[in-house]
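Notes follow once the structure below has been shown.
Note: hydrogens, waters and symmetry copies are ignored here, and every other heavy atom, side chains too, is used. Ligands are counted one by one from 1 in listed order, and the atoms in each one are counted from 1 as well.
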Amino acid sequence: MSAKVIDGKRIAQEIREEVRQETEKLKAQGIVPGLAVVLVGGDPASAVYVGSKEKTCLEMGFHSEVHRLPEDTTEEQLLELVDSLNQNEKVHGILVQLPLPKHIQEKSVIDAIAVEKDVDGFSPQSTGNLVIGDESLLPCTPAGIIELIKRTGTEISGKHAVVIGRSNIVGKPVAMLLLRENATVTVCHSRTANMERIAAEADILVVAIGKPKAIDSRYVKPGAVVIDVGVNRLDTGKLAGDVDYDDCSAKASAITPVPGGVGPMTIAMLMQNTLKAAKLKAGV
Ligand code: GUN
């Protein structure tokens with residue numbers, strides 16, 4: 001038996017279409033969701049990501065602004081820009097593309113974004129709201145993972161979910177979201193003893209460690225749903241996930257491919273967050 005392939009490209013397209021339609025209705029009421037993206041320096045991968053965010057915003061019918069700043073921008077200049085975007089009525093979401101050049105403290109910049117405009121959901125206040133269960137903008141990749149699981153028809157409540165990886169941008173927030181969905185959650189990491197045994201008890205296995213094909217079928221319980229967050233460039237130039245797809249797809253009931261699984265969900269959820277921020281601001 002081969003696992004069902006979880007088609008992130010199709011699900012992301014569905015979400016973008018929902019956001020586009022809802023934006024059309026909001027615009028009829030005079031509300032135009034707006035996203036500002038800030039890119040500092042010339043990192044080629046970041047430039048590609050920012051370009052796709054800009055393109056998707058325009059497809060949604062959003063107000064879109066991209067601020068491309070030189071590599072030698074000072075932290076003070078960047079903080080001034082963030083402050084002006086915090087005040088800007090046309091802007092409902094602010095995303096500062098990471099990584100930032102080394103002379104700028106990422107933490108200072110993320111902390112400066114107004115919580116109601118924090119569409120990345122990276123700030124301490126957004127993180128705190130997530131943990132408490134208060135209304136907040138959710139980090140895009142973790143929120144996208146929950147959507148993938150739900151839209152595949154998998155019930156999360158009561159299941160054992162194992163998350164491998166404890167980063168602030170994926171592992172920790174996805175664990176909190178799974179808990180909020182009433183899963184029983186175990187978080188594994190580089191110091192975990194008996195990881196293989198623990199992972200093999202998971203009904204839902206989420207892997208975000210950044211090591212190509214590190215997780216093979218020994219870590220997978222028969223019939224598990226496997227979500228692979230890794231995007232690793234191999235020496236051959238091909239992309240590979242953190243999960244050995246061919247080996248695990250024989251044992252799982254559903255699995256995300258790389259590319260085309262979790263990846264496309266991130267921008268779709270960013271669009272959904274910007275729409276949500278605009279609605280919260282307008283009180284609709
Ligand atoms: N760089 C890579 N992924 C992301 C992301 O989701 N948000 C931001 N701000 N920067 C990134």
Study note, to complete from the structure: Only one of I215, V226, V258, I255 passes side-chain contact (heavy atoms from CB on, under 4.5 Å) with Y245, and that residue is I255
Point to revise | Protein contact to atom 2 (C) of ligand 1 [nearest heavy atom, distance to 0.1 Å] | key: Q97 NE2, 3.8 Å
Review point. Closest non-hydrogen protein atom to atom 6 (O) of ligand 1, residue and atom name please, with distance?
Key: D120 OD1, 3.7 Å
Point to revise | L95: numbered ligand 1 atoms lying under 4.0 Å from its heavy atoms | key: 9 (N)
Check your understanding: For ligand 1, which part of V96 has a heavy atom less than 4.0 Å away: the side chain, the backbone, both, or neither?
Key -> backbone
Exercise for review: Would you mind telling me if ligand 1 is within reach of the side chain of L98, the backbone, both or neither, using heavy atoms under 4.0 Å?
Suggested key: both
Exercise for review: Report yes if K53 has an N/O atom closer than 3.5 Å to an N/O atom of ligand 1; otherwise report no.
Suggested key: no
Point to revise | Contact (N/O only, under 3.5 Å) between Y49 and ligand 1 | key: no
Check your understanding: Does F122 have a heavy atom less than 4.0 Å from any atom of ligand 1?
Key -> yes
**Study point:** Distance, nearest 0.5 Å, that separates NZ of K281 from CD of E116
**Key:** 8.5 Å
Check your understanding: How many angstroms lie between atom SG of C140 and atom CG of N273, to the nearest 0.5 angstrom?
Key -> 5.0 Å
For [X] and [Y], does a side-chain donor sit closer than 3.5 Å to a side-chain acceptor?
X: Q13; Y: R10; value: no
X: T266; Y: T141; value: yes
X: D228; Y: T256; value: no

